[in-house]
Amino acid sequence: MLTPSQIDEFHRNGFLNGGRILTNDELNALRSDLDGMLEKGPDGFTGDEPQPVSFRNMSRRDDEPAALAVWQIVNIWEASPAFERLIYHPSIVKGISQLTDAPDLMVWHDQIQYKPPNYGGATRWHQDAPLWPIILPMTPVSAWIALDDADEGNGCMWMVPGSYKWGDQMEFLRTQQHLEGREEFMNINTEGFSPPADSEVKDVVPQPRPVKSGEVSFHHSLTWHGSPFNRSDRPRRAIAIHYMTGESRFVASGQHLMKQFVTLEDGEPMAEAGEHFPSVCRDGEPVGMPA
Ligand SMILES: O=C(O)CCC(=O)C(=O)O
């Protein structure tokens with residue numbers, strides 16, 4: 001359970017470190033499943049074994065001699081029992097329910113982001129909600145769980161406090177996509193940006209947000225965030241789990257990787273979207289992983 005002061009902190013900043021939630025055994029099981037999958041690689045799955053929805057290097061800098069990599073695996077929970085247990089983790093689910101004030105939650109999708117030692121690429125400044133145009137109202141809060149200590153050295157996330165209050169600013173953030181290294185990352189050039197006149201937060205102050213292995217960090221889907229290169233000799237393994245509230249509805253006009261699994265009509269509730277979007281919380285209580 002999050003405390004009232006943690007919930008206040010989240011509403012002030014648009015992010016919160018929710019503290020340690022995983023035991024060493026849980027952490028080791030997650031690392032072992034992820035490492036097995038990374039070793040296998042995107043082409044190593046046989047036809048009849050469970051597979052994630054997507055597995056790719058999302059770094060755009062593979063023209064470099066030593067190619068930079070950010071390995072992204074979407075819905076690893078569908079291919080790994082340890083990660084399937086994680087999407088139902090009561091501390092995560094209860095935390096999301098408290099921060100969204102939503103009694104019912106489903107999984108939207110999960111997303112491993114693995115930055116290998118020495119040549120881990122950047123995840124550029126962005127907001128999540130504008131990248132998810134097939135659900136409305138947008139999914140308000142995600143959980144990000146560190147499987148290694150993530151700090152400034154190995155490419156922890158950076159966030160801008162209060163930025164979720166400024167609405168959809170993706171057009172502006174696309175002008176900052178050249179920022180990739182740690183020194184660059186803190187220097188968002190705000191020339192083309194003005195916060196809404198009625199916003200009490202005016203200043204763009206990027207902050208590194210270190211997260212220890214086994215801890216969960218929550219962020220709002222409109223919070224400005226991203227993570228620079230990993231030039232250290234340490235890996236940075238982490239997973240984001242994006243949840244939907246019971247109010248989420250399907251928007252048929254949008255495009256997204258997960259749309260291939262939705263057979264609903266426009267405007268129908270995502271709660272009825274089926275097995276790729278499991279229900280994890282009902283009436284404010286985590287349901288636990290089905291037997
Ligand atoms: O893992 C990262 O560095 C970025 C993750 C992210 O963008 C997210 O969880 O929304």
Side-chain angles (χ1 to χ4, degrees), residues 10 13-18 30 34 38 54 56-61 68-77 83 86-87 92 95-96 99 107-117 119-133 135 138-160 163-164 168-170 173-174 176-177 179-182 184-186 206-213 215-232 234-244 256-258:
F10 177 83
N13 291 329
F15 51 79
L16 171 78
N17 186 321
L30 293 164
L34 174 57
L38 290 167
S54 134
R56 69 186 180 109
N57 177 2
M58 59 179 268
S59 175
R60 273 189 261 139
R61 295 279 297 267
L68 291 167
V70 179
W71 285 101
Q72 185 196 66
I73 304 176
V74 174
N75 275 21
I76 194 171
W77 74 264
F83 282 98
L86 187 67
I87 63 172
I92 301 175
I96 297 272
L99 296 175
V107 171
W108 163 218
H109 60 281
D110 72 27
Q111 211 170 22
I112 291 284
Q113 284 214 8
Y114 166 55
K115 293 177 193 267
Y119 67 101
T123 305
R124 295 166 185 82
W125 282 107
H126 68 282
Q127 295 169 297
D128 293 332
L131 308 178
W132 300 336
I135 52 170
M138 67 202 173
T139 304
V141 181
S142 295
W144 190 94
I145 301 102
L147 305 183
D148 296 299
D149 289 353
D151 52 40
E152 283 190 66
N154 64 351
C156 69
M157 275 206 281
W158 286 61
M159 305 208 187
V160 175
S163 53
Y164 80 100
D168 179 348
Q169 296 291 344
M170 266 313 286
L173 290 175
R174 281 197 190 93
Q176 304 298 306
Q177 304 266 297
L179 306 177
E180 296 185 313
R182 181 168 59 154
E184 296 168 355
F185 226 72
M186 57 184 85
Q207 278 185 6
R209 301 296 305 165
V211 182
K212 294 256 185 231
S213 58
E215 289 181 348
V216 61
S217 162
F218 297 101
H219 63 272
H220 191 281
S221 64
L222 285 173
T223 293
W224 296 14
H225 64 287
S227 54
F229 295 148
N230 176 14
R231 297 281 199 224
S232 77
R234 294 172 291 132
R236 204 224 68 174
R237 292 168 292 187
I239 180 165
I241 310 174
H242 307 298
Y243 292 93
M244 295 181 281
H256 189 273
L257 177 66
M258 294 304 291

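Numbering of ligands and ligand atoms starts at 1, following listing order.
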### Task
Classify the angle between the aromatic ring planes of His225 and His219 as parallel (below 30°), tilted (30 to 60°) or perpendicular (above 60°).
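The arrangement is tilted - the two ring planes meet at 30° to 60°.
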Would you call the rings of Trp108 and Trp132 parallel, tilted or perpendicular if under 30° counts as parallel and over 60° as perpendicular?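 The arrangement is perpendicular - the two ring planes meet at more than 60°.
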task: Specify side chain, backbone, both or neither for His219, according to which of its non-hydrogen atoms lie closer than 4.0 Å to ligand 1.
output: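 Within the 4.0 Å criterion, His219 contacts ligand 1 through side-chain atoms alone.
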Item to complete: May I ask you to identify, for Met159, whether its side chain, its backbone, both or neither come under 4.0 Å of ligand 1 on a heavy-atom basis?
Response: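 Met159 to ligand 1: no contact under 4.0 Å from either part.
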Looking at Asp128, which atoms of ligand 1 are within less than 4.0 Å of one of its heavy atoms?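 Under 4.0 Å from Asp128, ligand 1 has these atoms: 10 (O).
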What atoms in ligand 1 come closer than 4.0 Å to a heavy atom of Ala240?
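This gives 9 (O) as the contact atoms.
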Note the single closest protein heavy atom to [atom], along with its residue, its atom name and the distance in Å.
| atom | result |
| --- | --- |
| atom 3 (O) of ligand 1 | Ser227 OG, 2.5 Å |
| atom 2 (C) of ligand 1 | Gln113 OE1, 3.3 Å |
| atom 8 (C) of ligand 1 | His225 NE2, 3.5 Å |

>> Taking side chain to side chain donor-acceptor pair (under 3.5 Å) as the criterion, tell me which of Gln72, Gln113, Glu180 meets it with Thr123.
In response: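 That would be Gln113.
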query: Short question: side chain of Asp151, backbone of Pro210 - any donor-acceptor pair under 3.5 Å?
result: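 No: the side chain of Asp151 does not pair with the backbone of Pro210.
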Can you figure out which of Arg237, Arg236, Gln111 has its heavy atom closest to atom 1 (O) of ligand 1?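 Ranked by closest heavy atom to atom 1 (O) of ligand 1, first place is Arg236.
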